[in-house]
Protein chains: 2
Amino acid sequence: MRSTAAEDYVKAIYHHTEWQPEPVTPSQLATRLGLANSTVTEMVKKLAAAGLVHHRPYGAVELTPEGRRLAVRQVRRHRVVETWLVERHGYEWDEVHDEAEILEHALSDRLLESIAASLGDPERDPHGDPIPAADGTVRRPDAVLLADAPAGHEGAVVRISDEDPAMLRFLADAGIALDARLTVLGVKPYSGSMQVRALRGTVDVGPDVARAIWLAA
Amino acid sequence: MRSTAAEDYVKAIYHHTEWQPEPVTPSQLATRLGLANSTVTEMVKKLAAAGLVHHRPYGAVELTPEGRRLAVRQVRRHRVVETWLVERHGYEWDEVHDEAEILEHALSDRLLESIAASLGDPERDPHGDPIPAADGTVRRPDAVLLADAPAGHEGAVVRISDEDPAMLRFLADAGIALDARLTVLGVKPYSGSMQVRALRGTVDVGPDVARAIWLAA
DNA sequence: GGCATGATTTCGGCATGCCGAAAAAACTGC
DNA sequence: GCAGTTTTTTCGGCATGCCGAAATCATGCC
């Protein structure tokens, strides 16, 4: 039970608790993985038998220490590959996800570490997500979700969720990239969108976008 | 029917006819792939249905033009990856095979070509095997199997079979590498081994080795 | 020509991952 | 507290690849 499928499941579980720590339900997992609920239930049972997750029937799913280790390892692999694709192979940051999704299961540890070393052992990936160290250590920057930032808050963009490639392109066009300094001007009443000042000018961002961007605290 | 398994089968079939053109039998395929005969028979039937091979029951297996295209593509991928591992990641030439075997199925065309370009589009891999071009063109050097070379023949090593990593290490120790100049001194009667002069001195090579080395014709 | 031997194929089975439909449990609002 | 909805689980099924055992074919030898 150390298949690529298992790696994908624990990574998805880990992913869910990485930036907002709530337990994950099977159906949320199914949505994220694009699988049927029944499939997830079955697989979770196998993962539990393999000691990678805790799960009581009809309850949420949580990683065991061992499952967490595997997940962190997988996250490291994914983000190292993404960084490598962008820095060495001319990929745009919205193009790397699918390729990394496959490669993270295919590279040996030796090759992965060689690639990481050739990049200078980076600590964050092109979206600002922290890259866990080879020993499993994770350093996460203090950050506030843009949607939760009060008016007047100012800070550099520390992370942009890689969930939606189209959004990544929209943000790139709007001049909002990693390390850009943003100032929260306020929420427009009833529209649900926020006004934000970037270097290039003022931008209105909808709630989806405001929940995809993290600012330095 | 374009699975990684299918890619492995057509590659194995192609491989067999690359340096000595004889048809492949299912059992030879099974041996090379490390599978049961029955498994190969079943898979060959599926490959035939998919138009990748010709096969009449109880007969040999041959690639269709389409199967050959797929095989050549796969060979290119494998050899580009091997070259990359040796040149950029400090692998020894006897260590690359397993990693390449996995990676050749996982890289996108885009990434593979980017890697090939970064290597200067090499035309042969660390063992001397020709790397097919991206368009499927294969250039093969004129070569004689050491075992078939007459006494007195002299020529550079053009290719060393990558079948047996232990043999590759033995040869490296003996100073026999790609491009080394060898002279065939003759066959030792009854022992079945050949005497060969290399730069570093005279070496006795057994029949296995003599069938793994090709010299420039 | 007949027959033994070895290669090939057929057959039932197994493991992994996936699905949809139906049953069971858990929440919800009133 | 209870009925309706939603979530989770169970169940039968399917596809891919693999296996060993048994049946079938091909071939060479006498």
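On a predicted model such as this, the values are computed, not experimentally measured, just so you know. Residue numbering restarts at 1 for every chain, and letters A, B, ... go by the order of the sequence lines. Only heavy atoms go into these numbers, but all of them, side chains included; no hydrogens, no water, no symmetry mates.
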Charged N-O contact under 4.0 Å between Asp148(A) and Arg211(A): no

Give a yes/no answer on whether the side chain of Thr25(A) brings an N or O atom under 4.0 Å of OP1 or OP2 in dT8(D). yes

Gap between atoms CD and C1', on Glu7(B) and dT16(D) respectively (whole Å): 15 Å

Any side-chain N or O of Ser3(A) less than 4.0 Å from the OP1 or OP2 oxygen of dG17(C)? yes

Matching residue for Glu18(A) among Arg68(A), Arg159(A), Arg79(A) - test: salt bridge (Lys or Arg N to Asp or Glu O under 4.0 Å): Arg79(A)

To the nearest angstrom, how far is Asn37(A) atom CG from dA23(C) atom P? 18 Å

For the pair made of NE2 in His55(A) and C1' in dT10(D), what is the distance, rounded to whole Å? 13 Å

Specify the separation, in whole Å, of atom CG of Leu33(A) and atom C1' of dC18(C). 12 Å

Can you tell which of dC11(C), dT9(D), dT10(D) lies closest to the side chain of Glu42(B)? dC11(C)

Fit a plane to each ring of Trp84(A) and His89(A), take the angle between them on a 0 to 90° scale, and name the class: parallel (under 30°), tilted (30 to 60°) or perpendicular (over 60°). perpendicular

Pair Glu95(A) + Arg169(A), salt bridge at N-O below 4.0 Å: no

Without decimals, in angstroms, what is the distance between Gln28(A) CD and dT7(D) P? 10 Å

For a 4.5 angstrom cut-off between non-hydrogen side-chain atoms, does Glu104(B) reach Lys11(B)? yes

Once you round it to whole Å, what is the distance between C1' of dC14(C) and CG of Leu35(B)? 16 Å

Taking donor-acceptor contacts at under 3.5 Å, does the side chain of Thr39(B) reach the base of dG17(D)? no

Ala36(A) side chain: which of dT9(C), dG17(D), dG20(C) is closest? dG20(C)

If the cut-off is 4.0 Å, is Tyr9(B) near the phosphate of dC18(D), judged by side-chain N/O to OP1 or OP2? yes

Without decimals, in angstroms, what is the distance between Tyr58(A) OH and dA23(C) C1'? 8 Å

Any side-chain N or O of Ser27(A) less than 4.0 Å from the OP1 or OP2 oxygen of dT8(D)? yes

State whether Lys45(A) places a side-chain N or O below 4.0 Å from either non-bridging phosphate oxygen (OP1 or OP2) of dT8(D). no

Taken to the nearest whole Å, CZ/Arg56(B) to P/dT9(C) is 10 Å

Judged by nearest nucleotide, the residue sitting upstream toward the 5' end of DNA chain C, Pro57(A) or Lys46(A), is Lys46(A)

